[in-house]
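Notes follow the structure.
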2 protein chains.
Amino acid sequence: MSENDLKKEVTDKYSLRGRVFSRLREDILSGKYEEGEELREVAIGEELGVSRTPVREAFRQLELEGLIRIVPNKGAYVTGISAKDVKDIYMIRSRLEGLAARWATEHITDEQLEEMEENVYLAKFHAEKGHLEQLAELDNRFHEIMYEASGSKMLEHQLKDFHQYVIRVRKKTLSSARGPKSNLEHEGIMEAIKARDPELSEKLAHEHIINAYENLVKNGFA
Amino acid sequence: MSENDLKKEVTDKYSLRGRVFSRLREDILSGKYEEGEELREVAIGEELGVSRTPVREAFRQLELEGLIRIVPNKGAYVTGISAKDVKDIYMIRSRLEGLAARWATEHITDEQLEEMEENVYLAKFHAEKGHLEQLAELDNRFHEIMYEASGSKMLEHQLKDFHQYVIRVRKKTLSSARGPKSNLEHEGIMEAIKARDPELSEKLAHEHIINAYENLVKNGFA
DNA sequence: AAATGTTTGATTGTATACAATAATACACGA
DNA sequence: TCGTGTATTATTGTATACAATCAAACATTT
């Protein structure tokens, strides 16, 4: 590996620690554990059939990922996300997604561009049919394609990190009917990328996230 | 604590793990350990007088912070920073510093503004005298003030994270003679904040980081 | 009854023993 | 000599035992 990520992906799926980490992350994001709930080392260990050691190491990582909060000598608690946190995340994302779009404009490959076009086209279809599930799936994928096309592991990692929180937030809100409008905006971003206009693609991607946030607020996010 | 940080600061200075973590981070950032150097659990433990357990837990955190890279069943290696990483970091920072300046414009307190003015004033003095050490110190502090003034723990945490890398990079380059120009730009940002012009302050802070990067390149950063 | 001290149990923090893995050195045969 | 297989050793991965800490229940004193 010539180019090493600064923030390494936690991909050690075959160690117990890695499995505990992935599993706990999933469970927290899916809402299995409530906000503020206390996670006990032995209980988690027994549930997953491992000792406390790998559980503790996974805890340390989850703490740094921001999913749990460890109080020394007390315990580990699932962190909550405040309304302000959500706003901050979306505003930060808006800037970084803008940057990703700019870089994608400069580095996207033909294959990636093709997948993007396919994505937008397919989304249009599902929007007409009212398939919200598939629409959400395609929405996520569109952004991932853009991250990958940016050609920056650093930025990709940052944005994927934030995406975790977005997923958690979405769980708390009704899946809105923004799908079609969102897809239209995707199309605009894509066209700007195709036109090799970094200025425009950055601007549109930026606005896209702002719009998503405003939609969230309008839909009564607490 | 009503508002909880999403990404928790690692502040557990009184546990062995916390001390190992802080110490290793310092040593890596200061350059005591070279890029690619392998860190062995027992060796580190012996050096700090602790067993492997706290060392391992600290390793997991350092891995997520991106300072080391853990290869399963092999070892922990100090990560390197490529020229592209540096560029990516500066570009990402440029956007986030812009956002921080915007928010600072909206949320800065009188005390913070006063410290900022003092900072710029003092820096001007040291610039004239050619005190590079103090100038660099004040430079760092200026940005920290802005992070704090942004009123966003999320953003503050992100930017402080990146700052780590900036420090490492600076170690590798001659301390440039950019100090005075940098301070002039700080003054501009501050004036925009004072004038309550978020648009302008974001733009200036953004450009400030771009300039810093270009200076880095000009000064022959590899 | 209120406040304070004490005991007890549960939980985390750390050290250490043992298992699994990987790299190295070496022996052996083609 | 080269390549392959095997033994050895060092290192990480995991489990467990013990120490330190905290919280809650209980007792004691005023």
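From a predicted model like this one, the values you see are computed outputs, not experimental measurements. Note on naming: letters A, B, ... go to the chains in the order of the sequence lines (proteins, then strands), and numbering restarts at 1 for each one.
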How would you label the contact of A:V50 with the nucleic acid (heavy atoms, under 4.0 Å): base, sugar-phosphate, or nothing?
-> sugar-phosphate
note: B:R19, atom CZ; C:dG13, atom P; distance rounded to Å ~ 15 Å
From CD1 of A:I44 across to C1' of C:dT11 the rounded distance in Å is 14 Å
note: B:R17, atom CZ; C:dT12, atom C1'; distance rounded to Å ~ 11 Å
Rounded to whole Å, CD1 of B:I70 lies from P of C:dT21 at a distance of 18 Å
Inset, instruction - Could you tell me whether A:R40 contacts a base, only the sugar-phosphate backbone, or nothing, with contacts defined as non-hydrogen atoms closer than 4.0 Å? - result: sugar-phosphate
Those residues at least two apart in sequence (or on a different chain) that pass side chain to side chain contact (heavy atoms under 4.5 Å, CB included) with A:R141 are A:E115, A:N119, A:E144, A:I145, A:E148
Notebook entry, point to check: When the ring planes of B:H163 and B:Y147 are compared, do they come out parallel, tilted or perpendicular, using 30° and 60° as the limits?
Noted result: perpendicular
Checking all strands, does A:R60 fall into the base, sugar-phosphate, or nothing category for heavy-atom contacts under 4.0 angstrom? sugar-phosphate
OP1 or OP2 of D:dT11 versus the side-chain N and O atoms of B:K74: is any pair under 4.0 Å?
no
inquiry  = Any base atoms under 4.0 Å from B:R56, or only sugar-phosphate, or nothing? Heavy atoms, all strands.
reply    = base
Checking B:H186, B:E111, B:M146 against B:M116 for side chain to side chain contact (heavy atoms under 4.5 Å, CB included), the one that qualifies is B:M146
note: A:E46, atom CD; C:dT11, atom P; distance rounded to Å ~ 11 Å
Comparing A:P54 with A:N73, nearest DNA chain D nucleotide closer to 5' gives the residue A:P54
In whole angstroms, the gap separating P of D:dT12 from CD of B:E57 amounts to 16 Å
To the nearest angstrom, the CZ-P distance between B:F59 and D:dT12 comes to 7 Å
In whole angstroms, the gap separating C1' of C:dA10 from CD of A:E41 amounts to 12 Å
Closest of C:dG13, D:dT12, D:dT16 to the A:T53 side chain is D:dT16
Exercise. Report the relative orientation of the aromatic rings in B:Y213 and B:Y90; use parallel for angles under 30°, tilted for 30 to 60°, perpendicular for over 60°.
Key: tilted
Checking C:dT11, D:dT16, C:dG13 against the side chain of A:S51 (C-beta onward), the nearest is D:dT16
The reported gap from CG in B:L135 to CG in B:L122 (rounded to nearest 0.5 angstrom) is 10.0 Å
Checking C:dA15, D:dT16, C:dT12 against the side chain of B:L16 (C-beta onward), the nearest is C:dA15
